[in-house]
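A short write-up of the structure that comes next.
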Amino acid sequence: MAVVTGFYRTCVIDGVLAHSPAEYVRRPRVSNESPTLGLSHLQFEALLSAARDSANRFDFALVVMLGLRIFEACSTDIADVGEEHGHRVLRVVGKGSKIVLIPLPPAVGRGIDRAIADRDPGPILLNSRGRRMDRHCATRRLRVLAKASVVRLPHMHPHMLRHTFVTTMLDVGVDLRDVQIAARHADPRTTMRLRPGSKQSRSACQLHPRRLHGLGHMTTQRPHMPRTVYIEQIGAESSKLFA
């Protein structure tokens, strides 16, 4: 209906029609909560363990790159891994062909290094045929890991990893603005759709209080800081989440 309404609106603007026949059409209301299910903390740890123990070295890299959209993760190349201001970063081409530098926590960097091994420049993630992994292959790999997990996991698909990335950061008290920047959401309302306490972010996703020990500094508001310092701070906090 959005496409139809936009089409008729353009016709009115161009003078093809006097008025839009879709002007008073009521569209269905979109829920404020994301329909995507995230993993609980226990489920996420089980998935990480299964990926770490997998014979396929690309599985762990796929899971630890969970903050990226799946097309972004699959399109990354070895040449995109670099260093800026003393931190390892990953060059990612996101929506709208926007190029961003993502700080790599040590555990994520090790997962990527394991996937790269001693290969020459090429894709970071490969399928069983040695070609670039796509979203369909990634979905199959996640479902294989779900079966191998010691904890029962839901029917997996790649976007669940990104959902888990956002809800985990919100659960430990990371500021909404920081989560929005890390997830690269244009609107904070998109981030808030995944907020803790919703139907999708169940109480099972909440971390045990012991897990929060030492993370209290992540709940404080941050003053405005230069981009370089901000990259370093986000990288340090992400390292704690993956420690």
Side-chain angles (χ1 to χ4, degrees), residues 34-40 42-84 87-168 182-184 235 238-239 241-242:
S34 171
T36 303
L37 290 174
L39 299 178
S40 69
L42 179 61
Q43 290 172 331
F44 178 44
E45 286 189 341
L47 181 64
L48 278 174
S49 297
R52 188 180 294 109
D53 298 336
S54 173
N56 188 331
R57 69 177 187 270
F58 302 106
D59 287 345
F60 187 63
L62 172 64
V63 174
V64 297
M65 294 170 72
L66 79 168
L68 303 179
R69 299 177 179 91
I70 187 58
F71 80 89
E72 297 171 344
C74 292
S75 63
T76 54
D77 294 324
I78 297 175
D80 293 329
V81 180
E83 185 172 320
E84 180 172 323
H87 282 272
R88 296 191 69 189
V89 295
L90 180 65
R91 178 181 177 274
V92 174
V93 181
K95 283 186 175 180
S97 300
K98 295 180 181 178
I99 299 177
V100 293
L101 297 178
I102 307 297
L104 295 179
V108 179
R110 289 193 297 269
I112 292 178
D113 290 340
R114 178 184 174 187
I116 294 174
D118 56 354
R119 289 188 292 123
D120 293 328
I124 293 178
L125 301 177
L126 300 178
N127 58 23
S128 58
R129 297 181 179 180
R131 300 176 181 175
R132 185 184 297 274
M133 183 183 294
D134 58 16
R135 63 188 311 117
H136 305 292
C137 177
T139 302
R140 290 193 296 269
R141 292 309 310 165
L142 289 177
R143 290 174 182 173
V144 169
L145 292 176
K147 292 181 180 179
S149 172
V150 295
V151 175
R152 184 177 179 181
L153 299 180
H155 197 61
M156 296 293 299
H157 60 85
H159 192 63
M160 294 177 68
L161 297 181
R162 184 168 168 82
H163 189 291
T164 303
F165 171 78
V166 172
T167 55
T168 300
R184 287 168 290 119
S238 299
S239 301
L241 291 178
F242 286 96

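Quick note: numbers below take in every heavy atom, side chains included, and nothing from hydrogens, waters or symmetry partners. Starting from 1, each residue takes its place in the sequence as its number.
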Compile the donor-acceptor pairs under 3.5 Å between side chains in residues 89-107 and protein atoms, sequence neighbours left out, one pair per line.
none

Query raised in the report: What side-chain hydrogen bond (donor to acceptor under 3.5 Å, both in side chains) pairs are there with at least one residue in residues 113-125, not counting sequence neighbours?
Result: R88-D113

**Report entry** Test side chain to side chain contact (heavy atoms under 4.5 Å, CB included) applied to R184 and L68, step by step
**Finding:** CA-CA 9 Å; R184 287 168 290 119; L68 303 179; 3.5 Å; yes

Query raised in the report: Are R162 and E72 ion-paired here, with the side-chain N under 4.0 Å from a carboxylate O?
Result: no

Report task. Quick one: closest heavy-atom pair of A146 and L153, and the distance? Result -> CA-CD1, 3.7 Å

Report summary line: The reported gap from CZ in R57 to CD1 in I112 (rounded to nearest 0.5 angstrom) is 13.5 Å

Query raised in the report: Which pairs, with at least one residue in residues 126-137 and sequence neighbours excluded, count as a side-chain hydrogen bond (donor to acceptor under 3.5 Å, both in side chains)?
Result: D77-R132

Requested in this report: Measure from the side-chain N and O atoms of T168 to the backbone N and O of F165, and report whether any donor-acceptor pair falls under 3.5 Å.
Outcome: no

Query raised in the report: What are the two closest non-hydrogen atoms of Q43 and P154, and how far apart are they?
Result: NE2-CD, 3.9 Å

Report task. Output all residues satisfying side-chain contact (heavy atoms from CB on, under 4.5 Å) with N56, sequence neighbours left out; order by chain, then residue number. Result -> S54, F58, D59, R141

Requested in this report: May I have all residue pairs that pass side-chain hydrogen bond (donor to acceptor under 3.5 Å, both in side chains) and include part of residues 144-153, sequence neighbours excluded?
Outcome: none

Query raised in the report: Excluding sequence neighbours, so at least two apart, what forms side-chain contact (heavy atoms from CB on, under 4.5 Å) with P158?
Result: I70, A138, T139, L142

**Report entry** L39 and its side-chain contact (heavy atoms from CB on, under 4.5 Å) partner, picked from L48, L47, L66
**Finding:** L47

Query raised in the report: In Å, rounded to the nearest 0.5 Å, how long is the span from CD1 of I116 to CG of L126?
Result: 10.0 Å

**Report entry** Separation of C74 SG from M65 CE (nearest 0.5 Å)
**Finding:** 8.0 Å

Query - Close side-chain approach of L145 and L62, heavy atoms under 4.5 Å - result: no

